[in-house]
Amino acid sequence: MVKKVLLVSLVICSMFLMSCGSSSSSSSSTSAWSFTGPTLAVTSPTASSSSTASMWLRSKQVLFGAMKLTGLSYLLKKIGLASEESLRAADEPTTSAPTEIKPYSEMKQESIENKTASPDAVAAKITNLISKTNYSAPCFGPGWVDNATGGSVSRPTGDLGMVYANMSNTDDTACAAAQLNALIAGTPQFAQKLLLLQDALIAAENSKGKALPDAGGSLDASGDLPTFNGFTIDEAKVERLADRADGKKVYKTTFRLTANAKTGSVIIYHTPLTDDNASFEGLLQAVLPHTASQNGSGTHRGISMVYKKEPPTLTVALDVAANRETDSTDFFGTNGRIAFTKAAFGEDGHRFIWQVNETTNAQVMHYAWQAGQQDNSIRAFAVQVDAGTVGAQTGKAYFGFGVDIAALTDSTSTIWPSKMFCHWLGYVNSNPVPSLRTDNSIAKVQKQTFSQTGGKFKVATSTITFAPTNNCNTGGAWTVSSATQAFLNSPRTATTNDLVSPGTDISAVTVPTYSIN
């Protein structure tokens with residue numbers, strides 16, 4: 001039985017590849033790894049003029065900050081409006097995010113500085129490439145004991161949705177925002193280490209004065225990298241593959257590594273679509289060592305991310321899956337992305353689709369996660385932040401359950417949360433009650449609307465109330481005790497749910513595809 005929701009969210013990492021400034025026929029400039037200011041200028045000896053070659057830098061500024069920090073309180077924090085404390089919910093021990101979670105402006109500057117920093121200093125920031133920590137907001141999915149069904153039921157952490165409108169009794173951040181911040185502090189923060197690995201390579205090649213390869217060429221960076229804590233790099237290579245049929249360039253960066261006697265790899269394909277790199281697309285694939293939960297024997301985790309930038313819109317789809325009782329590395333489908341139908345997936349599954357309009361500041365996020373194959377149902381958020389001025393935006397979020405992650409498609413024209421399990425995986429007097437396996441749910445979900453005030457997204461309206469019973473209602477009083485968050489302990493009156501039908505007011509996002517041919 002699942003005792004905890006494993007929150008491996010998003011996203012994150014991305015097109016942190018190198019520049020694409022040199023022509024396919026001419027030799028590369030020896031300054032190809034250096035930059036001045038916020039962009040990287042690379043001059044080809046035979047080119048009539050230099051081109052702005054900032055593909056890895058430009059993309060990291062957008063994704064590294066905006067994607068990684070895409071919890072509602074983080075959304076569009078491009079100028080660091082909120083304090084780190086208000087963003088991180090550090091007063092709650094179960095939700096203290098890593099110190100690396102910072103306002104966008106700080107993270108962007110750090111990303112820029114990494115490129116010419118000491119390679120050893122960048123490497124030191126990767127505290128652990130393999131282990132991942134999951135976080136949950138105090139208002140979301142707490143563990144507690146209640147008697148709503150007439151007997152004492154112990155609710156495992158993660159079984160309940162939003163149970164309190166605000167993050168906690170001391171923080172008025174909307175619960176939907178707080179939980180998304182917690183999700184982003186999980187997998188995106190974990191995947192951020194891949195970005196730092198790329199930064200270390202760039203910093204090393206900058207320090208060596210190395211040039212980027214021409215078409216058909218490659219650069220072995222294995223001997224140039226610094227020493228890392230907890231893992232070793234067995235291979236690091238940058239290649240310029242043959243141009244695609246449409247004439248676009250293809251860059252490939254490969255890392256092969258060993259940690260805890262297990263091997264792993266990270267491969268990034270990147271294609272600039274315009275000479276100034278304002279438009280680009282690519283695909284990331286990673287297979288990393290993994291230790292399965294609850295004494296499972298699984299040994300690997302797979303990560304894929306496809307992305308496309310067509311100004312002013314950036315679209316990203318991130319998928320994560322881990323082994324449970326296998327050591328398979330066969331995670332990827334024919335489209336290069338994680339395929340949850342494969343036997344390699346056993347636990348810790350996450351799907352994240354995100355789109356931002358950098359001109360209007362509008363953002364849409366579709367996020368689903370599933371603790372393991374036995375759940376048979378995802379937990380999912382659908383979130384939209386409306387166009388507007390940063391600091392004064394409004395939006396909405398839905399939370400609920402949906403189909404098995406193996407059956408989930410890229411289509412978001414209908415939001416992923418479609419139902420609510422108010423009472424599942426619970427036991428009454430040692431007798432199992434209907435659960436996810438028998439689809440004991442109602443066709444309603446939770447909803448919050450919010451507005452941005454003082455650097456936070458605060459509740460405007462909240463329809464999240466339910467009782468942990470089969471029909472989400474109780475005819476009489478009931479009591480919550482032994483909660484993981486003490487402020488939730490209290491007697492409750494008879495409860496009639498105010499859940500809503502799945503909304504139609506969240507924009508669909510079309511997921512990009514990527515091919516090197």
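Note that these values count all heavy atoms, side chains included, but never hydrogens, waters or copies made by symmetry. Owing to the predicted nature of the structure, the values given are computational and were not obtained by experimental measurement.
Sorted by first and then second residue, the ring pair (Phe, Tyr, Trp, His ring centres under 6.0 Å) pairs with a member in residues 144-163 form an empty list; sequence neighbours excluded.
Side chains of Leu257 and Ile233 form a contact here, defined as non-hydrogen atoms less than 4.5 Å apart. The shortest distance between side-chain heavy atoms of Asn260 and Pro289 does not fall below 4.5 Å. For the pair Asp199/Lys125, no side-chain contact is recorded, criterion being any heavy-atom separation below 4.5 Å from C-beta on.
In plain terms, the two heavy atoms of Phe450 and Ala397 that are nearest each other are CE2-N, 3.8 Å. Of all heavy-atom pairs spanning Leu408 and Arg351, the tightest one is O-NH1, 3.3 Å. Taking every heavy atom of both residues into account, Gly503 and Ile415 meet most closely at N-CD1, 3.6 Å. Across Gly400 and Pro417, no two heavy atoms sit closer than the pair N-CB, 3.4 Å. The heavy-atom pair separating Phe487 from Met167 by the smallest distance is CZ-O, 4.2 Å.
Remark: the Ser462 side chain and the Gln448 side chain contain an N/O donor-acceptor pair separated by less than 3.5 Å. Using a 3.5 Å distance cut-off with no hydrogens or angles, the side chains of Asp375 and Ser377 do not pair a donor with an acceptor. Checked by atom type, the side-chain pair Thr409/Ser411 shows no donor-acceptor distance below 3.5 Å. Between Thr394 and Asp386, the side chains place a donor N or O and an acceptor N or O closer than 3.5 Å (distance only, hydrogens not considered). Between the side chains of Ser328 and Asp330, no donor N or O sits under 3.5 Å from an acceptor N or O. With hydrogens and angles left out, the side-chain atoms of Ser481 and Thr479 include no donor and acceptor closer than 3.5 Å.
Put simply, the side chain of Gln355 never gets that close to the backbone of Thr315: no donor and acceptor are under 3.5 Å apart.
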In sequence, state the C-alpha distance, the side-chain angles, and the governing distance for Lys262 and Asp327, and then conclude on salt bridge (Lys or Arg N to Asp or Glu O under 4.0 Å). CA-CA 10 Å; Lys262 301 175 184 177; Asp327 61 358; over 6 Å; no

Checking side chain to side chain contact (heavy atoms under 4.5 Å, CB included) for the pair Thr329/Thr299: CA distance, chi angles, key distance, verdict? CA-CA 9 Å; Thr329 59; Thr299 57; over 6 Å; no

Can Arg337 and Asp410 be said to form a side chain to side chain contact (heavy atoms under 4.5 Å, CB included), step by step? CA-CA 12 Å; Arg337 295 168 54 197; Asp410 283 341; 2.8 Å; yes

Verify side chain to side chain contact (heavy atoms under 4.5 Å, CB included) between Cys175 and Ile464, making sure each step is shown before the conclusion. CA-CA 10 Å; Cys175 184; Ile464 65 172; 5.6 Å; no

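Between Phe399 and Phe381, the ring planes are tilted. Angles from 30° to 60° get that label. Ring pair Phe140/Trp369 is tilted by interplanar angle, where 30° to 60° counts as tilted.
Qualifying salt bridge (charged side-chain N to carboxylate O under 4.0 Å, His left out) partners for Asp505, counting only residues two or more places apart in sequence or in other chains: Lys447. In this structure Thr495 satisfies the side chain to side chain donor-acceptor pair (under 3.5 Å) test together with Trp478, sequence neighbours excluded.
When Ile405, Asp319, Asn323 are each tested for a side chain to side chain contact (heavy atoms under 4.5 Å, CB included) with Phe345, only one passes: Ile405. No option in Gln294, His290, Gln370 other than His290 meets the side chain to side chain donor-acceptor pair (under 3.5 Å) test with Glu347.
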